Every structure is written in structure tokens, then in C-alpha cells.
Amino acid sequence: MTHDVKEIFAGTTGGAPPAPAALAAKVRTLAPSMTRSMQRVAEAVAGDPAGCAALTVTGLAELTGTSEATVVRTARVLGYPGYRDLRLALAGLAAQQQSGRAPAVTADIAVDDPIADVVAKLAYDEQQTLADTAAALDTVQLDAAVTALAAARRVDVYGVGASGLVAQDLTQKLLRVGLIAHAHSDPHLAVTNAVQLRAKDVAIAITHSGSTGDVIEPLRVAFERGATTVAVTGRPDGPVTQYADHILTTSTARESELRPAAMSSRTSQLLVVDCLFVGVAQRTYETAAPALSASYEALAHRHRNAPR
């Protein structure tokens, strides 16, 4: 997907940028997946947030021996829509360090917060994430996805990392109501399975960023094979959506600084998964109810014989 240069440098990709916190930890986490030139940019902003905050995109590119485009790409990998947003976050981080305040673990939780406050803040954050996702979810798109799933010969779900766990959750639910469903986190297996899909099959891609190549590729193959395709993503304008017949948008506002693939994105994805599952169970109730009962009975003895 191509972008106008001015759009990239303005940082207008949508969504709220992360708050300035735990940048060094984020750099350590993401650096292995970056190119060497992007690593130089990331290490520079983590090592000297105040100094880098004072630099233009051209200045930071010259400081790190890279290009302006590399600086912008690095900002986006670190979770910021563009360099302007990263620069503002660096200024906030520098001010925080100078004030001596406790560093933040997430946007709202500081390192020295008592555990009771952590529980309360996380609970509130996840409640807001669910409310935001529910409010923004396109029920027409959701209904169309449910209709396709209820009639599907086979369902393939693609996701990696935290989104891969959500993909597994969806397939387990669908299996319980009698659908043939498979979760794929291995990109090679995902593509080789997608090749076998055809009309009346459904492929679902789960990616918060909307730009995960290992998820986009099998969805593209499924799309080209004629399967109905669904994207569950926090970026409705992301590359994954060009291969999606139906787009289900999740909340993007509260990504964790400590774990960029982490908490609120997964929470919102699970809400969408539950909506899909319940919708399918409603549509296929005559077969879904006996299937659920049979799966429960098949496992009941394990619960009865479990040690107390």
C-alpha cells in the first residue's frame, strides 16, 4: 500500500498515539524485528528522549545516519501514527524524567502504584475498551460475517502473537457448535491451507495493526480463491482490509506502552469473537445446541473425576 509523503510525515493514520512511557522497554522488545537502520533510530530516541524531541524528522535522520522515511517507519513500529506524535511523546517522557515522577508502566499506571490501584485502573481501562468497541462496531458488517460463518463449509482463522491466541479462542468456540474451523499462526501453513479454500468457505484475519504480513498474505490468497473474508482489526484503513469482504473494527485508543500487542487490543478482539460466536449459535441453534451439549458431555467425566 502506498502513501502520500505529506500524509506519512503529518502522522495522520488515525487513532490516539500511545502515552510516553516505558519507551526503552518497548525498544528492547521490538528491536529484534527492526532493520539495522530502524534500530539506530529506536536506540537514539530511547537513549536521549529530550535531545531527540528537539530534532525535526530531518535532524533525527541525520543524527542516526538514516533517512526521513526510516524515522517515520520507526515511529510507526513503536506505535505512533507519525514522527510528530513520537516527538510529542519524547518531550513528555523527558519532562517526566526531569520532574522525578515515577515512570509509567502503561498510560495510567505508574511503577510505584499499589496493586489495588493497578486492579482498579486495569478494570476501568478494559471496561472502556469494551464500550468503545461496542459503540464503533458496524452491526451490518457483523451480521454479514455471522451469516457467512453460519453457512460455511469450513472456517480458517489467521492470527499471530496475541492475536493468534484470539484466533484459537474463536476456532474452539466454533468447533463446539459443530463448525469445521482451524486457527493458523504459522504463516506457511496458513497460506497452504488458504489455497484450498473456495466459495462458501470463510477466512478471518485478526490483526490489531492491520498490517501484519503473516496474516495479510493468507487472507489475500483466500480472497482470490473466492472465500468470504473478514478482517478483525483496529485499523479500518490498514492494508489487511483491501482483501476483506467484511471489516470488524476494534478499539485502538488504549494500547499498552509496556506490551504493544497486549491488553486492550486483545480485550476488544475477544468481544468481537464472542459476538461472532453468539450470532452463529443463534443462526444455527437447532444444530448448535445439541453440539454444545455433546461436547459438554464428552468432557463431563474429566470434571467429575478431577481432584478437589
Side-chain angles (χ1 to χ4, degrees), residues 126 129-131 133-134 137-160 162-186 189-207 215 218-219 221-223 225-233 244-250 265-308:
E126 300 213 0
T129 296
L130 293 173
T133 299
L137 193 58
D138 187 330
T139 54
V140 174
Q141 293 283 302
L142 177 63
D143 186 73
V146 167
T147 299
L149 284 170
R153 179 189 71 97
R154 166 179 159 182
V155 180
D156 277 15
V157 189
Y158 315 123
V160 297
S163 295
L165 300 177
V166 177
Q168 292 178 30
D169 183 74
L170 176 56
T171 56
Q172 289 181 50
K173 286 179 165 68
L174 296 177
L175 286 168
R176 294 286 293 271
V177 294
L179 271 68
I180 299 174
H182 308 277
H184 299 287
S185 57
D186 182 302
L189 287 176
V191 171
T192 55
N193 277 271
V195 169
Q196 307 303 322
L197 299 181
R198 55 182 184 270
K200 293 191 176 181
D201 294 331
V202 176
I204 301 175
I206 303 177
T207 163
V215 171
L219 192 75
V221 173
F223 180 81
R225 293 284 168 166
T228 298
T229 53
V230 180
V232 179
T233 179
D245 296 309
H246 309 297
I247 302 169
L248 304 178
T249 305
T250 57
S265 61
R266 186 191 61 225
T267 299
S268 56
Q269 289 170 348
L270 287 171
L271 173 61
V272 173
V273 161
D274 284 349
C275 290
L276 288 170
F277 169 70
V278 172
V280 170
Q282 287 178 314
R283 299 286 178 86
T284 62
Y285 185 78
E286 290 187 0
T287 55
L292 277 170
S293 178
S295 65
Y296 175 80
E297 289 299 326
L299 296 173
H301 71 283
R302 295 181 176 272
H303 299 293
R304 286 194 295 265
N305 296 332
R308 295 181 182 275

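The structure displayed is predicted, hence computed values, not measured ones. Start at 1 with the first residue, then count along the sequence.
When all heavy atoms are compared, the tightest approach of R283 to A150 is CB-CB, 3.8 Å. Closest approach of A134 and L271 over heavy atoms only: N-CD2, 4.1 Å. In terms of heavy atoms, A145 sits closest to V230 at CB-CG2, 4.0 Å. The shortest heavy-atom contact between R153 and Q196 is NH2-O, 4.0 Å. When every heavy atom of Y158 is checked against every heavy atom of A222, the shortest pair comes out as OH-CB, 4.1 Å. The two residues A231 and A244 make their nearest non-hydrogen contact at CB-CB, 3.7 Å.
In this structure, CG in D169 is found 8.5 Å from CD1 in I206, a value given to the nearest 0.5 Å. With rounding to the nearest 0.5 Å, the separation of OG1 in T171 from CG in L179 is 11.0 Å. I247 CD1 to D138 CG: the interatomic distance, rounded to the nearest 0.5 Å, is 9.0 Å. Taking CG of L270 as the start and CD of E126 as the end, the distance is 9.5 Å to the nearest 0.5 Å. Here the NZ atom belonging to K200 is positioned 11.0 Å from the OG1 atom belonging to T228, to the nearest 0.5 angstrom. Expressed to the nearest 0.5 Å, how far CG of L174 lies from CG of L276 amounts to 8.0 Å.
No donor-acceptor distance shorter than 3.5 angstrom exists from the side chain of Q141 to the backbone of L248, with no hydrogens or angles considered. Using modelled atom types, no side-chain atom of D143 and backbone atom of V140 make a donor-acceptor pair closer than 3.5 Å. With hydrogens and angles ignored, the 3.5 Å screen pairs a side-chain donor or acceptor of T229 with a backbone N or O of D245.
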When you look at H182 and N193, which way does the side chain to side chain contact (heavy atoms under 4.5 Å, CB included) test go after all the steps? CA-CA 9 Å; H182 308 277; N193 277 271; 5.7 Å; no
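Counting heavy atoms from C-beta outward, C275 and L142 have side chains that approach closer than 4.5 Å. Using a 4.5 Å heavy-atom threshold, the side chains of V155 and L149 count as touching.
Tested against V272 for a side chain to side chain contact (heavy atoms under 4.5 Å, CB included), the candidates I204, T250, T249, L170 yield a single pass: T250. The only member of L165, V166, T133, D274 that meets side chain to side chain contact (heavy atoms under 4.5 Å, CB included) when paired with Q269 is V166.
Listed by first then second residue, pairs satisfying salt bridge (Lys or Arg N to Asp or Glu O under 4.0 Å) with a partner in residues 175-185 number zero, not counting sequence neighbours.
The number of heavy-atom neighbours closer than 6.0 Å to CG of L189, taken from other residues, nucleotides and ligands shown, is above 12.
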